Amino acid sequence: MRILVQKFGGTSVATAERRESVASKVSEAVHSGYSPVIVVSAIGRSGDPYATDTFLSMVKGICPDLPKRELDLLMSCGEVISGTILVSTLNSLGLEAVLFTGGQAGIITDKDFGDARIVRVEPGMILEQLAIGKVVVVAGFQGTTEDGQITTLGRGGSDTTASALGVALNAEAIDIYTDVEGIMTADPRIVEDARTIDTVTYNEICQMAYQGAKVIHPRAVEIAMQRNIPLRIKSTFSDAPGTLVTNMCPARGVGTDITSDRIITGIAHTPNVTQLRVLTGDVQDQHLTDKRIFKAMALADISVDFISVQPEAVLYTVRDEVASKAVQILLNMGFEPGVVPSCAKVSIIGAGIAGVPGVMADMVEALSDSGVTILQSADSHTTIWVLVHKENMVTAVQTLHKKFRLGV
């Protein structure tokens, strides 16, 4: 049995016309000899009647502190609704389909309501339906605990569902359908000549997703990478080939000239972050002080990023919306933090960065020439990050995209 997992986002199933486009993709897979497993997100986005955020707004106006268990029960409804409607569409077009909730599909999670992790998948019921020729539709973003409690998988949960099912079913590929034609070299709303990337490695796309690209969730990529199952990012509304995600590096140019290699794959950005600088001074045990600071942030459920530990100071960023809370915690601990609000993290990502001299120098020179001040920087094997003022974010992204010739 040749199994293909196809995931469709909320915009892909939002209208009858769009659901017919989805059905066309499913029919094409069936006629190509595949047994498709379809994962769906909730219909539409915030404000649409069946969107998850719409459901949340209905109850949060009544009880802002509804327990996470009950919130998960509510948030799981959107995917069940869209799945039921899609099954109706498929059946009306002559494609026999059946719907499973995440739990019925065998997705078992831990008990972390709102951001549960999949611990295993028991795909027996899916395989039974595929064996008798049915198309299986699975409500994404959800699963159940060992004792049957409904959980949701957090941001990008439907992507995660698709990858987990792909691994459990040993699928030939996992197709993630969106409203764009693949992974772009930068956000096309910012960079006019951003182009679709034909091929990208698992590591590169993970880094792009972690640094702000929103086409696919990094957790989903990591799951697919465990079994080396190809991911394909495509548009529901076109026949463009999209972006293939594999463990293979893109083809290199002929010859010995290093410029023929693709050093930089793309530019990502994350707006609305605040930089905190905590002067720790000449303390007797610097390590304990640093540990206290980050433990305090963790206990307050504040995620920290862009961490730089120096002999007499600690720098890190938090989201703008939790900055005041983080500052108050530091004040209560006896620190006087320096605060730079409204920043943005801009990143260049590429498997070719490692071992190539001059990339950081080119980045700094380009930003300096464009009048962009770098507040902080860091690098890893495949990524270089800089922190800039938010008002400079667009200029920084456009400048780096041009500098590294990503539009050609």
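On a predicted model such as this, the values are computed, not experimentally measured, just so you know.
Surrounding CZ of Arg405 are at most 12 heavy atoms belonging to other residues, nucleotides or ligands under 6.0 Å away. At most 12 heavy atoms of other shown residues, nucleotides or ligands fall within 6.0 angstrom of atom CD in Glu96. The 12-atom threshold is not exceeded at OH of Tyr50, counting heavy atoms of other residues, nucleotides or ligands nearer than 6.0 Å. The 12-atom threshold is exceeded at CD of Glu321, counting heavy atoms of other residues, nucleotides or ligands nearer than 6.0 Å. No more than 12 heavy atoms of other residues, nucleotides or ligands shown are found within 6.0 angstrom of CG on Asp301. No more than 12 heavy-atom neighbours from other residues, nucleotides or ligands sit within 6.0 angstrom of CE on Met58.
Atom-to-atom distance recorded for Asn228:CG and Tyr202:OH is 4.5 Å, nearest 0.5 angstrom. Atom CZ of Arg277 is separated from atom CD of Gln310 by 5.5 Å, given to the nearest 0.5 angstrom.
Just one residue in the list Leu387, Val388, Val386 forms a side chain to side chain contact (heavy atoms under 4.5 Å, CB included) with Ser377, and that residue is Val386. Here the rule is side chain to side chain contact (heavy atoms under 4.5 Å, CB included) with Ile233, and of Ile174, Ile176, Val180 only Ile176 fits it.
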Identify all side-chain donor-acceptor contacts of residues 69-81 below 3.5 Å with residues at least two apart in sequence or on another chain.
residue	atom	partner	partner atom	Å
Arg69	NE	Gln149	OE1	2.8
Arg69	NH2	Gln149	OE1	3.4
Asp72	OD1	Gly114	N	3.2
Asp72	OD1	Thr152	OG1	2.8
Asp72	OD2	Gly114	N	2.9
Asp72	OD2	Thr152	N	3.0
Ser76	OG	Asp72	O	3.4
Ser76	OG	Leu73	O	2.9
Glu79	OE2	Ala42	N	3.1

Just list the side-chain donor-acceptor pairs under 3.5 Å for residues 358-373, sequence neighbours left out, or say none.
residue	atom	partner	partner atom	Å
Ser370	OG	Ala366	O	3.2
Ser370	OG	Thr399	OG1	3.0

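Looking at every heavy atom in both residues, Val397 comes nearest to His269 through CG2-CB, 4.0 Å.
Sorted by first and then second residue, the salt bridge (charged side-chain N to carboxylate O under 4.0 Å, His left out) pairs involving residues 335-352 (not counting sequence neighbours) are Asp305-Lys345. Listed by first and then second residue, the salt bridge (charged side-chain N to carboxylate O under 4.0 Å, His left out) pairs that reach into residues 126-136 come to none, sequence neighbours excluded. Among residues at least two apart or in separate chains, salt bridge (charged side-chain N to carboxylate O under 4.0 Å, His left out) pairs with a member in residues 218-229 are Asp115-Arg219. Screening residues 85-95 for salt bridge (charged side-chain N to carboxylate O under 4.0 Å, His left out), with sequence neighbours left out, gives no hits.
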Begin with the C-alpha distance, continue with both residues' side-chain angles, and end with the deciding distance and a verdict on side chain to side chain donor-acceptor pair (under 3.5 Å) for Asp147 and Thr145.
-> CA-CA 5 Å; Asp147 58 356; Thr145 62; 2.3 Å; yes
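Taking Glu122 as the reference, Arg120 meet the side chain to side chain donor-acceptor pair (under 3.5 Å) condition, with sequence neighbours excluded. For Asn272, the side chain to side chain donor-acceptor pair (under 3.5 Å) criterion is met by Lys390, not counting sequence neighbours. When the ring-ring contact (aromatic ring centres under 6.0 Å, His included) test is applied to Tyr177, the partners found at least two apart in sequence or on another chain are Phe8. Ser21 meets the side chain to side chain donor-acceptor pair (under 3.5 Å) test with no other residue; sequence neighbours excluded. Evaluation of the side-chain contact (heavy atoms from CB on, under 4.5 Å) rule for Leu244 yields Pro230, Arg232, Thr246 as partners, not counting sequence neighbours. For the side chain to side chain donor-acceptor pair (under 3.5 Å) test, no residue two or more places apart in sequence or in another chain qualifies with Ser235.
Annotation: side chain of Met184 is not in contact with side chain of Ile197 (no heavy-atom distance under 4.5 Å). In this structure, Thr101 and Gln142 have side chains that are in contact, with non-hydrogen atoms separated by less than 4.5 Å. Annotation: side chain of Ile353 is not in contact with side chain of Thr383 (no heavy-atom distance under 4.5 Å).
Although no hydrogens or angles enter the test, the distance criterion places no donor-acceptor pair under 3.5 Å between the side chain of Ser163 and the main chain of Thr160.
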